[in-house]
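Single-structure report; data block below.
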Amino acid sequence: MVNRRDVFKVAAAGVLGLAIGGVGGYISRQGEMESLKKEVVELSKQLGVAAPKLEPNLNIYNWTYYINRNIVDWWAKENGVQIVYDTFESVDEVVAKLQTGTSGYDLAVVSDSPLQELANLGVLEPIDLKKIPNFKYVPDRFKNPRYDPGNKYSVIYSYGTTGLGWNNEEVSPEVTAWADVFEVDRHLGKYKGKITMHTDSVETYGAALIYLGRDPNSTKDEDLREAIELLKKQKPYLAGYASTEEYMAGLEAGRFLISHAYNGDIAGLMYASDEREITISKKLEHISYTVPKEGALAWADNFVIPKGAKNIEAAHAFINFILDPIVSAICTITVKYPFPAGRDYVPEEIRSDPVIFTPEELLGKLYWARPLTPEERAKRAEYWLELMAA
Amino acid sequence: MGLMDVLLKYVRKNVSVKVALLLTPPLIFLAVWFYAPFLIVGLYSFDMINIYREITFTPSLVHYSRVLSWTGASGIFLRSLYFAGINVLLCLLLGYPVAYYISFKVKKYKDVYIILFIIPFWVSFLIRTYAMMGLLDERSFFNTILLSLAIIDSPIKIMYTDVAVILVMVYNYLVMMVLPLYANLEKLDKTLLEAASTLGAGPVRTFLKVTLPLSMPGIMAGFLLVFIPSVGEFVIPELVGGPSNYMVGNIIYEIFMGARHWWVGSALSMLFIAFILSLVIIYIRGVGERGLAI
Amino acid sequence: MKVIRSFLKIFTVMVFLFLYSPIIAMVIFSFNESKSLAVFTNFSLKWYEKVIANPEVWRALYNSFWVGAVVTIISLILGLMMAMAVTRYSFTGKTILESFILIPIIIPEIAEALSLMMMYIFLNIPLGPVTVIIGHIAFDISFVTVVMRARMVGYDKSIEEAARTLGANELQTFFRITLPTLYPAILAAGLLAFTLSFDDLIKTLFTTGPGFKTLPLVIWSYAARGGVSPELNSLSSFALSISFLFAIFRLRAERRMGR
Amino acid sequence: MSEVYSVELENVVKRFGSVVAVDHVNLKIRENEFFSLLGPSGCGKTTTLRIIAGLEEPDEGIVKLYGKDVTDIPTYKRNIGMVFQHLALFPHMNVFENIAFGLKMRKLPREEIKREVKRILEIVKLEGLENRRINQLSGGQQQRVALARALVINPEVLLLDEPLGALDLKIRQHMMVELKNIQKRVKTTFIYVTHDQTEAMTMSDRIAIMKDGRIQQVGAPLEVYYKPSNTFVASFIGEAVNLIEGEIKENGIVDTSLGVIYCSEQSAKGKVAVMIRPENVEIDEKIDGVDNLFKGIVQAAIFKGSYIEYRVDIQGITFIVHKHGEENLGKIYPPGATVEVGWKKNSSLIIPVQS
């Protein structure tokens, strides 16, 4: 499956990457890496020669803390590419920029439903899979996805779920369902002022609609009305609507006890995550993550090449690089979100942690967000703002 | 006489040509990069641009009627007015005594007082806001001190509340109230006050009957300078408020960037601008053109 | 009377305290060794070292400076033309024109920034430093015009005529007489234009392109993302010292102008 | 060859909107003449001056400098100097730089500029002030700088637009003498605009009196004083004047509402006015040896320093009489006193009524 050369190549990336960033955060597997180091240094020289000539620049737009930056720096240096690496904190930001068709980015990471929206607007460049030989390492489950048949515009980046992260020392009984955060006589009342819902309305709508047994993508007035009434009743008991940065800090400090969160963020708390340091051993034992039993929204992030990209060759080369199993593995153990191509190369405890690698049988049962029309989004926004104003 | 001379002579002779030459470049710039964008907003708001950014000639008022019939929007709109109103009031309550004190009671080093007052406003708006976030944070030393002095028994949560938004607004806009007030009080003929007291008015009566009415222009200028920008505030509620403390600026942003419904967003934007402009027009009608000479 | 006076004095002191304490606290805690925002443990420059070692900060600072400089020069030229037209000549539609100049100052910046962004998108203009600069100029012109107009009232046009009687042509008159005598107005307007551009967040946020960040954008992304942190304390204190340098420069310049 | 004129205006017209500021003005100003344009404010004198300078372009007519048509030549190419009403000194330059400006524009070598500035500073008596800033100078000193700046370029014509208006009386009187002296030294045509007849009378070789954009009279000071060409000039020049309208009865005899007035002989017809300067009128209880004699009642007697001004009511007309002479000051006719007022016939001048 994976040849030796690839392994060395990637290990080189990892080791050199660590050398750039310092090895302070590297905790386990140190021996393995050390032993490879000598050969790796040799090989890395060849790598530089062997690499095809790429355009001098690459502008990347990705979520914050969502890759191993050392590896990116190393690749850039190795290929003589100047990388501009910009980050965003919400879907809105990336879609707003990409829908212009003149964003100036050569590569971006976009979730499944906005991806369809962008593809429909015609602001994405087609992906040439021939230029991404490492695509073969992507498990079949993540090829030819429902939201992008034939991988015309996208290649899988990472995936996960939006559920509940919670403090298992303070909260009891354990969190199992949306009902826990929507019903006052359960955790909602008990932990008043210590619970947060997600700032992204798609996620919070989804949670409310799933709890109500409705389609989480519904845009029917009666569904939205009911969801908003539910959320309005919930609101006085909440600490607020929190974004990644807020709930991660709040859960860690104990200010929040239950937060509506992405699995990878919670995994990042459990193991600690960074964008330069690799850590594997557990850090916070008292944080747990649950996919509520009623079901939850699942999502997949994908590489896309925006329209107007000037450095398409380099973009493909970069995708290919990240899809290298060991690079994917390094990214996975860095940010604690799963990179499918690297599954076989991550340490066992991470591979088998359901918080990071959502079990496949579970993924099949979850809900996926559907792309909405502007009309539908506006309708949802109107109800949502009513909640905000309440 | 060369062509250049003829041209120069023509320009020299015609004032209108001179004016045109001076005005054309800045006006073209403003027209293209300030007014034309609002034309596009207008087109969107009347549903005259479709999703593929093509202009269609079928104007419609659907987006306006949608915004106007939308209770969520009107709620947030009212909240913005309320926040801005409270902000003006607090700025006046905090600012008037300060301006009055410096203008009337300080004899020496008035300039020093005023410069001391202005120094915090030299710091950029964003940093000032951030500095306030440091105080409002639950983890701040401010809370610690209050806790250790047993004034409170649990940390005050101000961050991400209406109070935080208003406090930070007052912090940022106070200068806009104090400076026009101070300028006004300084110009006020102080012999009038002496005249009032010779006529038997006590300090309170003098203040209410003479000083206050005479300082109305300053108050009005301060009102405009504080109210207008604070209604349209976006950064402060975004940083120190949560979604529950949204103001108009934030819902415009939300509709544009979140719902990506440029049509409704444009209608909202146009209505908001119309509101602000009518406010200014009413102000000018009431106070006169001088009111804008800042 | 005494009571009123001491009440006012205490009140004023309290207001000054309100104004200064957040900034002073921010600066103090930027030197705190621990990450705590509540207790000052030990004096340390480590957060500053972090900020100074961050190339993003330096690049942003550099960007802010050159954008500010370009914006200032262009807005000064355009604003000066406008101010000269309205202060020197009377023409039909002048009142309307003057209100058109004021509108960019009045309209909420978020509405203005979004509209400009929409236009860039509508016309397929790629976002980047140029679009940021255009956006800044679009509102700076108005501020420059207003400041210049205020300072040009009472400007004695006859000194230009004097220059012409002495043999200076239009260009010589402009560069040797008009510009130098307007120097205080130009300085005041220029400093305002630069400050507005240097501090601008909203317009920049919506009109910037890949990798192009100004200092406020960096501060904003940290503040919006993580709230209060010692790194941001030191970055803000660092930015604050730059603002102060400007302000002092400005004050000295105005002092010198103020006869 | 005819006489050389430094400035000629031929049928010059300038309109500002519907207002005619300069109305068909013809002027011939001689070389090295001190020429004044005198008139009330708004009479068009400043506009006329600005047309000569080229700061305003005439709508009609021709401007000539030393016989050369300069109507289409811009200001900076006409070799003229101008002193402005508010002086218009360059505030950002010191005395030397102000004066040297015109020389620099003429691209003179640095040494020559220095020499020229020094020379002119001597003439205006400002030696040693080269490095002073403008706001460090007194009003009179600023005046001299403005003059020096305009003179240093050796202009063909020096134009002065009410330059003394801002000065107080003492300095003004002093500057008047000074100006005249300077003019004699530099030997240049001075064209001086003023509304102050004293200034015009004191300094000028000739005066043009303007009203409503038209030239009313051009002449030497004595000429315009004693031989005004119309009632406007008569009443504008001098402290006060008695003008009595009437009709020519026969040569030298005018029938007025006071009765017949005998005048110096002059051929005119129809409606005229008779001008009598107040200082040429005698006032006493009894007067002999005059051609015109009227009885009147003193309305007011105003002590004016060197003379007494009487206002005498003669048949409902107020007649002004100036009585000079120390010996008379002791004897003042109080209001209500009946007096005789009289003058010789060559003191009453027939002038046409101004239309």
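These figures come from a predicted structure and were not determined experimentally. In what follows, every chain begins at residue 1, and chains take the letters A, B, ... in the order their sequences are listed.
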For chain C, find which of B:Leu239, B:Leu268, B:Leu136 contributes the most heavy-atom pairs closer than 4.5 angstrom. B:Leu239
Within the structure provided, determine whether B:Phe29 and C:Ile134 are in side-chain contact (heavy-atom separation under 4.5 Å). yes
Where on C:Ile107 is there a heavy atom nearer than 4.5 Å to chain B: the side chain, the backbone, both, or neither? side chain
Atom group of C:Phe40 that falls short of 4.5 Å from chain B, counting heavy atoms: neither
Parallel, tilted or perpendicular, as decided by the 30° and 60° cut-offs, for the rings of B:Tyr44 and C:Phe122: perpendicular
If we only count heavy atoms from C-beta on, is the B:Leu126 to C:Trp220 side-chain gap below 4.5 Å? yes
With a 4.5 Å cut-off on heavy-atom pairs, point out which of B:Ile118, B:Leu22, B:Val19 contacts chain C the most. B:Leu22
Name the member of C:Ala85, C:Ser243, C:Ser236, C:Ser237 that forms the most heavy-atom pairs with chain B at distances under 4.5 Å. C:Ser236
Structural part of C:Leu80 lying under 4.5 Å from a heavy atom of chain B: neither
Are the side chains of B:Leu27 and C:Met82 in touch, meaning some heavy atoms are under 4.5 Å apart? yes
Ring centroids only, cut at 6.0 angstrom: are C:Phe18 and B:Tyr171 within range, meaning strictly under it? yes
Heavy-atom cut-off 4.5 Å, strictly under: side chain, backbone, both or neither for C:Phe16 against chain B? side chain
Chain B contacts, top residue of C:Ile101, C:Val13, C:Asp199, C:Leu235 (heavy-atom pairs, under 4.5 Å): C:Asp199
Considering only heavy atoms, which portion of C:Met119 lies under 4.5 Å from any heavy atom of chain B: side chain, backbone, both, or neither? both
Applying side-chain contact (heavy atoms from CB on, under 4.5 Å) to C:Asn233 and B:Tyr130, what does each step give before you reach the verdict? CA-CA 8 Å; C:Asn233 276 340; B:Tyr130 172 73; 3.1 Å; yes
Name the region of C:Ile125, side chain, backbone, both or neither, that has any atom closer than 4.5 Å to a heavy atom of chain B. side chain
Look at the side chain of C:Tyr89 and the backbone N and O of B:Lys18, then say whether any donor-acceptor pair between them is shorter than 3.5 Å. no
Which of the residues C:Leu201, C:Asn169, C:Ile137 is involved in the greatest number of heavy-atom pairs with chain B at under 4.5 angstrom? C:Ile137
Using non-hydrogen atoms only, which part of C:Leu114 is less than 4.5 Å away from chain B: side chain, backbone, both, or neither? side chain
From CA spacing to verdict: side-chain contact (heavy atoms from CB on, under 4.5 Å), C:Ile121, B:Arg53: CA-CA 9 Å; C:Ile121 293 172; B:Arg53 292 178 214 145; 3.3 Å; yes
So which of B:Ser266, B:Pro97, B:Ala36, B:Gly134 has the biggest tally of heavy-atom pairs under 4.5 Å with chain C? B:Pro97
So, do C:Pro108 and B:Ile276 sit near enough that their side-chain heavy atoms are less than 4.5 Å apart? yes
Whatever's closer than 4.5 Å to a heavy atom in chain B on C:Phe206 counts as side chain
Would you call the rings of B:Trp122 and C:Phe244 parallel, tilted or perpendicular if under 30° counts as parallel and over 60° as perpendicular? perpendicular
Is C:Met14 close to chain B through its backbone or its side chain, or both, or neither, when contacts mean heavy atoms under 4.5 Å? neither
Counting only non-hydrogen atoms closer than 4.5 Å, does C:Glu170 touch chain B with its backbone (N, CA, C, O), its side chain (CB onward), both, or neither? side chain
Who among C:Phe29, C:Phe139, C:Phe7, C:Phe100 has the most heavy-atom pairs with chain B under 4.5 Å? C:Phe100
Heavy-atom contact with chain B under 4.5 Å, split by part of C:Leu97: side chain
Which of C:Ala25, C:Pro104, C:Ala111, C:Pro216 touches chain B most, by non-hydrogen pairs under 4.5 Å: C:Pro104
Heavy-atom side-chain proximity of B:Tyr35 to C:Ile103 below 4.5 angstrom: yes
Bottom line for C:Ile202: the part with an atom under 4.5 Å from chain B's heavy atoms is side chain
Does any heavy atom of chain B fall under 4.5 Å from the side chain of C:Asn32, the backbone, both, or neither of them? neither
If you count heavy-atom pairs within less than 4.5 Å of chain C, which of B:Ile228, B:Ile40, B:Val170 leads? B:Ile40
Check whether C:Leu78 gets within reach of chain B through its side chain, its backbone, both or neither, counting any heavy atom under 4.5 Å. both
Quick check for you: among B:Val235, B:Leu116, B:Leu39, B:Ile252, which has the greatest number of heavy-atom pairs under 4.5 Å with chain C? B:Leu116
Of B:Tyr101, B:Tyr113, B:Phe125, the largest count of non-hydrogen pairs under 4.5 angstrom with chain C goes to B:Tyr101
